[in-house]
Amino acid sequence: MTIRFVTTNPGKVREAREYLAEPVEQLDFDTPEIQSDDLGAIAAHKARAAYEYADEPVFVDDAGLFIDAFDGFPGPYSSYVHDTVGVERVWRLASDEDDRGASFRGVVAYCDGGEFEATPEPVDRDDRRGQDLSAEERAAATTDEQVRAGDGDGDLPVKLFYGVVPGEIVEPRGSGGFGYDPIFEYDDRTFAEMDAEEKNAVSHRGRALAKFAGWLETRETT
Ligand code: ITT
């Protein structure tokens, strides 16, 4: 089954294609985004709008870079800050700080107009400071999955899959990936120094896609 990824970002599509067994087709549509501190709420809103646009099963992705010294900024505003301030200047701002800790956080949101089995609210097991966690804990430092029933009457339910990866902000290195990848270091390499497969193995999106892929598989066999 071909699944449709509604996004304007070809970098996200490359990573999803690398991960998912099913063929992934990009629907290049700029879905309206609500302003919120909650990536899950933004992703759920995006998924409903994308489903209404496509009128078939879709998934979307909402992600951001959360810098510890800036209390999580740019976070949900990452896209805007990327297009205005730019990666090099975000690095220069962070370089003045002693604490260079940061995390990428992302949510994959799926909507097909149907109902999903209710799941509990996700538990955020990342303590926000990845550096305080052991290697195994860091690898497991992901939030889980959730069904968002919707905030208003008649809102379509959306299935959410969360992923987070802790790292450090560093001087830009590497030419792969997209967005903030050149300034995000994980285990001595920036995401821009990894290929899509290596990045997916550890990234926020890879972790969210892994949960999404597992869920799609069980769904197709039941
Ligand atoms: P769509 O909303 O159309 O999917 P977008 O690029 O605007 O595409 P977001 O709204 O999720 O995506 O914005 C997230 C921004 O955060 C994105 O523009 C990148 O600058 C950054 N970002 C997200 N994931 C990233 C990753 O894996 N590597 C580097 N930067 C990333």
Side-chain angles (χ1 to χ4, degrees), residues 3-19 24-51 53-54 58-67 70 72-91 94 102-111 142 158 160-170 172-186 189-210 212:
I3 37 179
R4 281 158 183 90
F5 189 175
V6 181
T7 177
T8 58
N9 187 328
K12 290 182 178 181
V13 180
R14 261 198 312 277
E15 291 177 10
R17 285 202 174 121
E18 188 66 49
Y19 212 101
V24 174
E25 187 184 299
Q26 177 180 6
L27 280 189
D28 190 348
F29 173 62
D30 198 2
T31 43
E33 282 190 31
I34 54 163
Q35 279 213 347
S36 169
D37 288 342
D38 177 359
L39 285 186
I42 300 171
H45 185 269
K46 244 168 129 167
R48 289 187 193 105
Y51 174 75
Y53 166 74
V58 290
F59 72 102
V60 300
D61 168 295
D62 201 74
L65 177 68
F66 292 70
I67 300 177
F70 304 153
F73 179 85
Y77 310 103
S78 294
S79 187
Y80 179 67
V81 171
H82 177 268
D83 296 346
T84 51
V85 175
V87 172
E88 179 70 41
R89 278 197 284 170
V90 170
W91 148 247
S103 54
F104 266 126
R105 290 165 175 265
V107 187
V108 166
Y110 174 83
C111 184
T142 58
V158 172
L160 303 180
F161 305 88
Y162 290 76
V164 50
V165 56
E168 298 254 324
I169 302 298
V170 295
R173 296 197 320 261
S175 55
F178 66 93
Y180 298 93
D181 281 345
I183 62 166
F184 188 83
E185 187 185 68
Y186 179 87
R189 278 193 303 162
T190 67
F191 273 2
E193 293 176 312
M194 301 180 185
D195 62 29
E197 198 182 340
E198 291 169 322
K199 180 181 164 188
N200 269 339
V202 293
S203 77
H204 54 307
R205 183 162 303 103
R207 288 169 181 179
L209 286 170
F212 179 42

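Counting starts at 1 for both ligands and their atoms, in listed order.
- Under the 4.0 Å criterion applied to side-chain N and carboxylate O atoms, Glu18 and Lys199 are not assigned as salt-bridge partners.
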Extract all donor-acceptor atom pairs below 3.5 Å that involve side chains of residues 25-34 and protein atoms in other chains or at least two apart in sequence.
unit_1	atom_1	unit_2	atom_2	d
Gln26	NE2	Thr7	O	2.8
Glu33	OE2	Lys46	NZ	3.2

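- The only option from Phe59, Phe5, Tyr162 that meets the side chain to side chain contact (heavy atoms under 4.5 Å, CB included) definition with Val108 turns out to be Phe59.
- Heavy atoms from other residues, nucleotides or ligands lying under 6.0 Å from CD of Glu88 number more than 12.
- With sequence neighbours excluded, the residues that form a side chain to side chain contact (heavy atoms under 4.5 Å, CB included) with Phe73 are Phe70, Val81.
- Applying the side-chain hydrogen bond (donor to acceptor under 3.5 Å, both in side chains) criterion to Glu185, with sequence neighbours excluded, gives Arg173.
- Contacts of ligand 1 (protein heavy-atom distance under 4.0 Å) are Thr7, Thr8, Asn9, Lys12, Glu33, Lys46, Asp61, Asp62, Ala63, Ser78, Ser79, His82, Phe104, Phe178, Gly179, Tyr180, Asp181, Lys199, His204, Arg205.
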